[in-house]
Every structure is written in C-alpha cells, then in structure tokens.
Amino acid sequence: MTSSLNEKYKDFFEQVYQVVRLIPEGRVTSYGAIAKFLGSKKSSRMVGWAMNVSHVLKDVPAHRVVNRVGLLSGKNHFKTPTLMQELLNEEGVTIENDIVVNFSNLFWDPSKELYL
DNA sequence: TGTTTGACTGGGA
DNA sequence: CTCCCAGCCAAAC
C-alpha cells in the first residue's frame with residue numbers, strides 16, 4: 001500500500017514470488033488471482049512462467065498455486081508428478097483426480113485477503 | 001529475426 | 001457438457 005512497499009517490487013516475477021510466499025499453509029490460489037492482484041489480470045500465463053523458473057528458489061511454495069478450477073496443472077513441472085499433491089496433502093489439502101477438493105473454500109484471493 | 005509454445009483465463013459457439 | 005478463440009508476453013526454436 002505504501003510507496004515504500006511498492007518500490008520493493010521491481011519486476012513482475014519478483015512480485016509473483018512475494019505473493020506466493022504469503023499464501024497461508026493449507027490454502028491455495030490461482031495464477032489468474034495473482035495476476036489480477038498484480039494489476040494484469042490477463043498475464044496469468046506469465047505467473048505460470050514465473051513458477052516454472054521459481055523451482056530453483058526454495059522458499060516459493062509453488063504447490064499452492066493451481067489454475068482457476070483447482071486443477072494441479074503444474075504438477076508435471078515438479079521433481080515428480082506426484083510431489084505437488086503430496087505437499088498439499090501434508091498441509092491438509094485433499095486432492096482427488098488432480099483437483100483440489102473443496103477448492104472454493106480453500107481458495108485464498110490475494111486481492112481480497114492481502115493488503116499491501 | 002519470425003514463429004511457436006505455455007504451470008492461464010473468460011467468453012462464445 | 002465440450003471445443004475453440006483471442007489476449008497476454010517471456011522463452012525457446
């Protein structure tokens with residue numbers, strides 16, 4: 001909210017990582033929600049690309065980011081195709097057929113629950 | 001340097 | 001319900 005915080009955010013990618021790090025444990029959000037929060041609703045693909053690069057950054061919980069219907073669309077980009085689901089299970093999130101169960105209830109919208 | 005692809009999304013047929 | 005298309009833009013080809 002403050003200019004000092006905004007100044008901290010230089011690139012789109014950095015902003016994405018920052019938001020993803022703030023996702024509470026056991027909650028999930030979508031690429032589009034992050035993109036919208038960052039001001040470019042239609043740049044959700046870039047959020048996905050940022051995630052693709054982010055797996056080298058250890059503190060980015062990319063497993064908490066799914067697509068708008070709760071599908072684990074990025075699971076194949078993890079070390080193993082099952083890792084994403086396993087990480088979510090550890091946090092108490094149930095996955096069924098690659099879909100987050102009770103997604104709408106677990107959905108964490110940064111533009112509604114996060115205030116900078 | 002031009003084209004294709006993609007961890008996306010919303011709208012339309 | 002499914003399928004298709006346009007917009008988005010960095011990276012890969």
Side-chain angles (χ1 to χ4, degrees):
Chain A
M1 187 63 53
T2 63
S3 55
S4 58
L5 263 175
N6 285 330
E7 286 170 11
K8 174 176 181 166
Y9 295 61
K10 296 185 173 184
D11 341 279
F12 188 76
F13 280 27
E14 278 185 46
Q15 297 177 44
V16 172
Y17 301 146
Q18 184 65 22
V19 173
V20 173
R21 276 187 269 252
L22 294 174
I23 301 173
E25 198 173 296
R27 303 291 296 282
V28 293
T29 191
S30 71
Y31 306 91
I34 295 171
K36 181 182 179 182
F37 174 72
L38 298 180
S40 311
K41 181 187 174 189
K42 306 201 165 173
S43 298
S44 45
R45 288 193 133 135
M46 297 303 94
V47 176
W49 188 257
M51 292 296 93
N52 186 44
V53 182
S54 79
H55 76 83
V56 298
L57 310 173
K58 301 139 182 101
D59 56 341
V60 178
H63 60 281
R64 295 184 190 143
V65 184
V66 297
N67 76 358
R68 72 178 164 101
V69 299
L71 175 67
L72 277 54
S73 48
K75 66 168 192 166
N76 293 316
H77 294 263
F78 284 76
K79 195 175 194 299
T80 67
T82 57
L83 180 59
M84 187 175 189
Q85 176 173 339
E86 289 168 7
L87 290 171
L88 287 170
N89 281 335
E90 289 175 20
E91 298 184 358
V93 179
T94 305
I95 308 299
E96 199 171 285
N97 195 22
D98 293 339
I99 302 284
V100 175
V101 175
N102 202 13
F103 174 66
S104 55
N105 198 12
L106 296 174
F107 182 65
W108 180 83
D109 187 349
S111 64
K112 290 180 179 175
E113 308 192 41
L114 188 65
Y115 302 92
L116 296 182

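These numbers were taken from a predicted model, which means no experiment stands behind them. For the numbers below, each heavy atom of this structure counts, side chains included, while hydrogens, waters and symmetry mates do not. Order of the sequence lines sets the chain letters (A, B, ...), proteins ahead of strands, with each chain counted from 1.
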Applying ring-ring contact (aromatic ring centres under 6.0 Å, His included), can you list everything that pairs with A:Tyr17, at least two apart in sequence or on another chain?
none

Counting only non-hydrogen atoms, which of residues 73-105 of chain A are less than 4.0 Å from DNA chain B?
A:Ser73, A:Gly74, A:His77, A:Phe78

Table of protein N/O atoms under 3.5 Å from nucleotides 6-10 of chain C N/O atoms:
unit_1	atom_1	unit_2	atom_2	d
C:dG7	O6	A:Arg45	NH1	2.5
C:dG7	N1	A:Arg45	NH1	3.4

Atom pairs, protein N/O to nucleotides 1-3 of chain C N/O, distance under 3.5 Å:
none

Qualifying side-chain hydrogen bond (donor to acceptor under 3.5 Å, both in side chains) pairs, either residue in residues 103-112 of chain A, two or more places apart:
A:Asp109-A:Ser111

Hey, does A:Ala50 reach any base, or is it just sugar-phosphate, or nothing, if we go heavy atoms under 4.0 Å?
nothing

Give the first and the last nucleotide of DNA chain B, reading 5' to 3', that has any atom under 4.0 Å from a heavy atom of chain A.
B:dG6 to B:dG10

Which residue pairs pass the salt bridge (charged side-chain N to carboxylate O under 4.0 Å, His left out) test with at least one member in residues 20-39 of chain A, sequence neighbours excluded?
A:Arg21-A:Asp59, A:Arg27-A:Glu113

Please collect all ring-ring contact (aromatic ring centres under 6.0 Å, His included) contacts where either partner lies in residues 78-103 of chain A, sequence neighbours excluded, each pair once.
A:Phe103-A:Phe107

Hydrophobic clusters join Ile, Leu, Val, Met, Phe, Trp and Tyr when side-chain heavy atoms are under 4.5 Å apart, directly or via other members; which others share one with A:Leu71?
A:Val69, A:Ile99

Please tabulate, for the side chains in residues 37-46 of chain A, all donor-acceptor contacts under 3.5 angstrom to protein atoms that are two or more places apart in sequence or on a different chain.
none

Would you mind listing every side-chain hydrogen bond (donor to acceptor under 3.5 Å, both in side chains) that reaches into residues 89-101 of chain A, with sequence neighbours excluded?
A:His63-A:Glu91, A:Arg64-A:Glu91, A:Lys75-A:Asp98

Which residues share a side chain to side chain donor-acceptor pair (under 3.5 Å) with A:Asn102, sequence neighbours left out
none

